[in-house]
Enquirer: 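So that we are looking at the same thing, I have put the structure below in structure tokens.
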Amino acid sequence: MKGQLLTAILAATLAAPVALADADAIAKGKQIAWDRKKGNCLTCHAMEGGQQVGDNGPPLMMMKLRFPEKSDLRAQIWDPTKRNPMTNMPPFGRNHILTEAEIDLVVEYVHSL
């Protein structure tokens with residue numbers, strides 16, 4: 001019994017920094033996504049809490065259902081022309097609009113929606 005309790009406490013302790021790191025990455029990703037000089041996602045996409053609501057692109061909601069694999073969402077943000085050559089969405093990675101690290105943070109945020 002003590003062993004199980006100790007294991008549960010240890011697991012909870014080790015998971016807490018991961019949850020904080022995820023929350024931090026999501027917050028940083030949101031900042032980049034909403035930044036008019038960076039992601040500027042609100043220009044085209046409606047997102048919860050966004051003031052500048054775009055309607056050119058689909059609303060960003062239920063993203064885990066739309067992109068169960070984060071790697072697919074990352075590929076979409078990196079270069080959306082791969083899936084849709086006629087898209088209006090800029091290829092943030094291919095055109096060096098965002099860095100690799102910034103794209104990773106935006107993926108964390110968008111995937112959380």
Enquirer: Kindly give the heavy-atom pair with the smallest separation between P91 and P80, and that separation in Å.
Expert: CA-CD, 3.6 Å
Enquirer: Between the main-chain N or O of P59 and the side-chain N or O of H45, is there a donor-acceptor pair closer than 3.5 Å?
Expert: no
Enquirer: Counting N and O atoms only, with roles assigned by atom type, does the side chain of Q31 sit under 3.5 Å from a partner on the main chain of K28, one being a donor and the other an acceptor?
Expert: no
Enquirer: Report yes or no: does H111 contribute a side-chain atom to a donor-acceptor pair with the main-chain N or O of F67 at less than 3.5 Å?
Expert: yes
Enquirer: Just by modelled atom types, is the I97 backbone N or O under 3.5 Å from a matching donor or acceptor in the N95 side chain?
Expert: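 A pair under 3.5 Å: no.
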Enquirer: Looking at CG of D22 and CD of E108, how far apart are the two atoms once the value is rounded to the nearest 0.5 Å?
Expert: 6.0 Å
Enquirer: Do R94 and T81 pass the side-chain contact (heavy atoms from CB on, under 4.5 Å) test, and can you show the C-alpha distance, the side-chain angles, and the key distance before you say yes or no?
Expert: CA-CA 10 Å; R94 190 188 76 202; T81 64; 3.2 Å; yes
Enquirer: Between R36 and T43, is there a side-chain donor-acceptor contact under 3.5 Å, judged purely by atom types and distance?
Expert: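 Not at all, the side chains of T43 and R36 share no donor-acceptor pair under 3.5 Å.
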Enquirer: In Å, rounded to the nearest 0.5 Å, how long is the span from CZ of F92 to CD1 of I103?
Expert: 8.5 Å
Enquirer: Just to verify, which of K64, M61, M63 counts as forming a side chain to side chain contact (heavy atoms under 4.5 Å, CB included) with L113?
Expert: M63
Enquirer: Nearest 0.5 angstrom please: Q76 CD to D72 CG, how far?
Expert: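 Nearest 0.5 Å value for the CD-CG distance: 9.5 Å.
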Enquirer: Give a yes or no on whether the backbone of E102 and the side-chain of T99 come within a donor-acceptor separation of less than 3.5 Å.
Expert: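 Answer holds: yes.
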Enquirer: Does E69 pair with R74 as a salt bridge, N-O distance under 4.0 Å?
Expert: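 Answer for the salt bridge query: no.
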Enquirer: Distance check, rounded to the nearest 0.5 Å: T87 atom OG1 versus K82 atom NZ?
Expert: 14.0 Å
Enquirer: Could you check M89 against C44 for side-chain contact (heavy atoms from CB on, under 4.5 Å), going step by step and ending with a plain yes or no?
Expert: CA-CA 8 Å; M89 184 171 165; C44 297; over 6 Å; no
Enquirer: Has S112 got a side-chain atom pairing as donor or acceptor with Y109's backbone, closer than 3.5 angstrom?
Expert: yes
Enquirer: Determine, stepwise, if the pair N40 / D35 fulfils side-chain contact (heavy atoms from CB on, under 4.5 Å).
Expert: CA-CA 5 Å; N40 203 17; D35 186 330; over 6 Å; no
